[in-house]
2 protein chains.
Amino acid sequence: MKYLDKLRNSGLRPTKQRLQICEILFDTEKTFHFTINELDKKIKDKIDDKISLATIYNTVHAFEKKGYLKQIPINSNQIYFDTNVTGHHHFYDLKDGKLIDLENSDVGPINIKRKINGKKIKSIEVLVKLEE
Amino acid sequence: MKYLDKLRNSGLRPTKQRLQICEILFDTEKTFHFTINELDKKIKDKIDDKISLATIYNTVHAFEKKGYLKQIPINSNQIYFDTNVTGHHHFYDLKDGKLIDLENSDVGPINIKRKINGKKIKSIEVLVKLEE
DNA sequence: ACAGCTATTTAGAACCATTATAAAGTAGAG
DNA sequence: CTCTACTTTATAATGGTTCTAAATAGCTGT
């Protein structure tokens with residue numbers, strides 16, 4: 001199994017549910033953005049077994065903690081997750097609420113001149129809002 | 001009254017509630033960040049009259065629509081608003097969930113090389129996450 | 001100042017994403 | 001195979017936000 005070791009190596013038991021969710025999230029050519037609600041629908045579509053909503057939340061949070069997913073900082077009534085965990089940025093189309101990846105090469109280097117004592121920068125995320 | 005014209009000029013009736021909220025939001029030397037919950041507490045503290053929670057929501061959204069407030073794009077269970085509506089960015093301290101302003105001069109110019117057909121850039125917002 | 005119209009406020013209910021709970025099930029170590 | 005800790009599950013609870021419908025208050029024209 002493709003994801004058995006991935007899960008075991010990160011201290012997560014490779015349960016049937018987690019393996020199935022792995023396939024939906026990571027067995028794709030392209031990375032993508034999703035909300036829990038969208039993931040739930042995709043699971044219902046692609047998998048015969050039922051996975052409880054609570055498990056979907058648990059799994060997504062576990063994967064996020066392990067660095068396999070990340071949240072996209074955006075104001076919305078639901079949380080957006082990204083299967084692309086490399087440093088990159090987003091366009092946010094205000095008209096239809098869609099997110100579009102901005103590759104790192106699409107954005108010039110970002111220079112943060114100010115320092116905060118005792119803290120270090122974990123990530124820099126740019127959101128570019130688009131209008132008509 | 002200081003905010004009477006501001007409200008009237010933007011087509012908002014200057015009601016007692018709106019004027020009182022204006023004083024709390026805009027009658028300060030420094031701009032600040034807040035959630036609805038925090039604003040509600042501040043109103044209870046500083047004002048004798050009661051303002052209903054629904055009115056606080058209505059007013060904040062009305063002010064946002066008029067450009068007197070803006071939302072800060074960040075994943076949180078509640079929406080963060082900013083009384084500083086000029087283009088600027090934020091540090092987000094992951095430890096305590098606090099936001100710190102980054103003046104425009106603290107961040108070098110940001111160059112977005114990619115274009116989306118038929119769309120134009122409305123805003124560019126940078127969130128710098130801090131850890132220990 | 002008054003009437004009439006429309007915007008606004010209000011309390012409370014409704015909504016909905018997310019989290020908590022506690023019982024049943026399952027993986028892995030020995 | 002057994003024991004234990006981890007996981008899943010259905011369901012309830014939580015909490016921020018929005019909706020509703022009735023009461024109130026600005027505003028315009030007279």
| task | Identify whether the distance between the nearest side-chain nitrogen and carboxylate oxygen of B/E64 and B/K70 falls below 4.0 Å. | result | no
| message | The side chain of A/A54 is closest to which nucleotide in this list: C/dA20, D/dG16, C/dT8? | response | C/dA20
| message | Are there over 12 heavy-atom neighbours, none belonging to A/K113, within less than 6.0 Å of that residue's NZ? | response | yes
| field | Nearest-Å distance for atom pair CD1/C1', residues A/I51 and D/dT7 | value | 12 Å
| said: Which is more 5' along DNA chain D, the nucleotide nearest A/R18 or the one nearest B/N77? Just name the residue. | reply: A/R18
| Counting any heavy atom closer than 4.0 Å, what does A/T15 reach on the DNA or RNA strands: base, sugar-phosphate only, or nothing? | sugar-phosphate
| request: Provide, to the nearest angstrom, the distance between the CG atom belonging to A/D49 and the C1' atom belonging to D/dT7. | output: 16 Å
| message | If I take atom CD in residue B/Q20 and atom P in nucleotide D/dA25, what distance separates them, rounded to the nearest angstrom? | response | 13 Å
| Quick one: which of C/dA17, C/dT9, D/dC19 gets closest to the side chain of B/T55? | C/dT9
| request: Grab the two heavy atoms, one from A/P14 and one from A/L4, that are nearest each other, plus how far apart they are. | output: CG-CD2, 3.4 Å
| request: Please report, rounded to the nearest Å, how far the C1' atom of C/dT10 is from the CG atom of B/D40. | output: 14 Å
| note | Out of C/dT19, C/dT6, D/dT7, minimum distance to the side chain of A/Y57 belongs to C/dT19
| query | Starting at CG of A/N37 and ending at C1' of C/dC15, how long is that distance when rounded to a whole Å? | reply | 14 Å
| said: Looking at B/F26, I'd like to know if the NZ or CZ of B/K6 sits under 6.0 Å from its six-membered ring centre while staying within 45 degrees of the ring's axis. | reply: yes
| Does a nitrogen or oxygen in the side chain of B/Q17 sit under 4.0 Å from OP1 or OP2 of D/dT24? | no
| request: Write down the distance between CG (A/L53) and P (D/dT14), rounded to a whole number of angstrom. | output: 18 Å
| field | B/H61 side-chain N/O to D/dT17 phosphate OP1/OP2 under 4.0 Å | value | no
| note | Testing C/dT9, C/dG28, D/dT17 for proximity to the side chain of A/R13, the answer is C/dG28
| request: Indicate, with a heavy-atom threshold strictly under 4.0 Å, whether A/K50 touches base, sugar-phosphate, or nothing. | output: sugar-phosphate
| query | B/I36 has a side chain; which of C/dT19, D/dT17, C/dT18 sits nearest to it? | reply | D/dT17
| Run the side-chain contact (heavy atoms from CB on, under 4.5 Å) check on B/L12 and B/R18 step by step: do they pass? | CA-CA 9 Å; B/L12 297 171; B/R18 283 176 178 164; 3.8 Å; yes
| request: Indicate, with a heavy-atom threshold strictly under 4.0 Å, whether A/N58 touches base, sugar-phosphate, or nothing. | output: base
| message | For B/Q78 and A/S52, find the nucleotide of DNA chain D closest to each by heavy atoms; which residue's nucleotide sits nearer the 5' end? | response | A/S52
| task | Give the rounded distance in Å between these two atoms: NZ of A/K16 and P of C/dG25. | result | 14 Å
| remark: Rounded to whole Å, the CG-P distance (A/L19 to C/dT26) equals 15 Å
